[in-house]
There are 2 protein chains.
Amino acid sequence: MAHGAPAVSAANRQRSPAERIDREAVRAYRLEEQIGHLIRRAHQRASAIFDAVMRGFDVTPVQFAALAKLHDLGPTSQNLLGRMVGIDPATMFGVAGRLAKRGLVRQGPDPSDARRILLDLTGEGRAVVEGMKSVGAEVSARTLDPLTPGEARELQRLLARIC
Amino acid sequence: MAHGAPAVSAANRQRSPAERIDREAVRAYRLEEQIGHLIRRAHQRASAIFDAVMRGFDVTPVQFAALAKLHDLGPTSQNLLGRMVGIDPATMFGVAGRLAKRGLVRQGPDPSDARRILLDLTGEGRAVVEGMKSVGAEVSARTLDPLTPGEARELQRLLARIC
DNA sequence: TGGAGACTGTTCGTGGACGAACGAGCGAGG
DNA sequence: CCTCGCTCGTTCGTCCACGAACAGTCTCCA
């Protein structure tokens with residue numbers, strides 16, 4: 001708080017604690033400077049670029065994240081795969097189902113644990129994920145286009161720190 | 001492409017253009033380094049922090065963005081308000097409806113254009129948005145907690161550039 | 001002045017995000 | 001060996017995101 005005004009104004013002295021308002025903070029608030037808002041906007045733009053570049057594959061960003069990690073790991077349970085890429089179990093249920101319905105993934109039992117469902121890439125799934133990985137750098141490059149290479153690396157580093 | 005291998009490997013020379021795969025790019029692809037994936041994860045964390053700090057208000061991040069901008073602008077049409085904060089018209093329809101149903105916003109006709117619906121804060125809406133703005137800095141501060149103040153400003157600057 | 005083209009809000013469909021609650025299965029400790 | 005607590009997948013409800021299509025309205029220009 002950089003200004004000299006009292007933290008609680010005269011107008012607020014009568015109110016209940018929950019309704020006390022810092023007028024100076026209200027006046028100073030700028031939505032477009034808030035980190036959450038900037039991230040939300042950036043997320044919209046990055047998704048749009050992914051859609052444009054990956055159009056031909058008909059796979060969403062989240063579906064691709066699951067496929068890509070499954071490609072790295074080999075057969076993996078739904079929950080674990082979701083944990084690796086940041087998809088909660090309730091969401092993963094739908095994602096895995098859609099990938100299975102499209103024939104990109106197989107859902108099988110885990111012999112060592114009857115609770116788990118093992119996901120595995122099908123041949124088509126492998127072909128799709130490899131095709132997408134081979135042009136994946138293009139998505140990041142286009143998204144980072146407004147920045148210099150140094151700035152791009154810095155942004156990547158800072159985002160990784162706040163995750 | 002930093003390596004010296006040919007852009008199209010021998011194994012791919014026989015395939016159709018759509019199936020040509022750069023094996024080296026596939027091998028080098030790291031999901032967790034892709035900017036889109038980092039932004040998605042950051043968005044999840046920022047939303048969780050917003051929910052924790054703003055729990056008492058029962059207003060989502062997107063609803064707050066609309067309320068905050070409406071507070072800045074005064075009565076505004078749905079489409080324009082959406083354009084100011086990055087909410088597309090189809091989404092804005094739902095957001096405005098929920099805010100109106102909760103009594104935070106009034107929807108009225110625009111005398112000068114029969115197509116438009118003017119949104120306006122109610123007394124309760126104003127109280128809520130001012131209460132939220134007065135603690136809004138807390139959300140950004142918590143989100144940026146892992147960074148130094150200089151890094152935080154840099155991240156903000158870089159995100160603004162890629163929007 | 002009349003019509004073409006643009007804009008506003010609406011609807012539908014698909015997909016992601018997640019809290020909450022639930023049953024079935026697992027595993028460690030009593 | 002058995003129970004308690006945890007994990008796994010599932011379901012429900014609410015919300016955001018957005019492409020596509022549509023009807024009503026407006027504007028501008030031929």
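Note that this is a predicted model, so its numbers are computed, not measured. Just so we're on the same page: letters track the sequence lines, and every chain starts at 1.
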Heavy-atom side-chain proximity of [X] to [Y] below 4.5 angstrom:
| X | Y | value |
| --- | --- | --- |
| A:L70 | A:P75 | no |
| A:V128 | A:V59 | yes |
| A:L80 | A:L73 | no |

* Is any side-chain nitrogen or oxygen of A:R116 closer than 4.0 Å to OP1 or OP2 of D:dC8? ->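 Yes, within the criterion.
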Just the table, please: protein N/O against nucleotides 14-18 of chain D N/O, every pair under 3.5 Å.
unit_1: D:dC16; atom_1: OP1; unit_2: B:T60; atom_2: OG1; d: 2.5
unit_1: D:dC16; atom_1: OP1; unit_2: B:Q63; atom_2: NE2; d: 3.4
unit_1: D:dC16; atom_1: OP2; unit_2: B:R98; atom_2: NE; d: 2.8
unit_1: D:dC16; atom_1: OP2; unit_2: B:R98; atom_2: NH2; d: 2.1
unit_1: D:dA17; atom_1: OP1; unit_2: A:R40; atom_2: NE; d: 2.9

* Take the angle between the ring planes of A:F64 and A:F50 and call it parallel below 30°, perpendicular above 60°, tilted in between. =>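 Ring orientation, 0 to 90° scale: tilted.
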Grab the [atom1]-[atom2] distance between [X] and [N] for me, whole Å please.
| X | N | atom1 | atom2 | result |
| --- | --- | --- | --- | --- |
| A:F93 | D:dG9 | CZ | P | 11 Å |
| A:N79 | D:dG9 | CG | P | 4 Å |
| B:I117 | D:dG24 | CD1 | P | 15 Å |

* To do: May I ask you to check whether over 12 heavy atoms, not counting those of B:R161, lie within 6.0 Å of atom CZ?
  =>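 Yes, enclosed.
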* Asked: Does atom CZ of A:R157 have more than 12 heavy-atom neighbours, drawn from other residues, nucleotides or ligands, at distances under 6.0 Å?
  -> yes
* Identify the 5'-most and 3'-most nucleotides of DNA chain C with at least one atom closer than 4.0 Å to a non-hydrogen atom of chain B. => C:dC7 to C:dC18
* Does a side chain donor of either B:Q156 or A:Q34 reach within less than 3.5 Å of an acceptor in the other side chain? -> no
* Asked: Should B:D120 and B:R126 be marked as a salt bridge (Lys or Arg N to Asp or Glu O under 4.0 Å) after you check the CA-CA gap, both sets of side-chain angles, and the distance that decides it?
  -> CA-CA 9 Å; B:D120 194 8; B:R126 173 173 289 270; over 6 Å; no
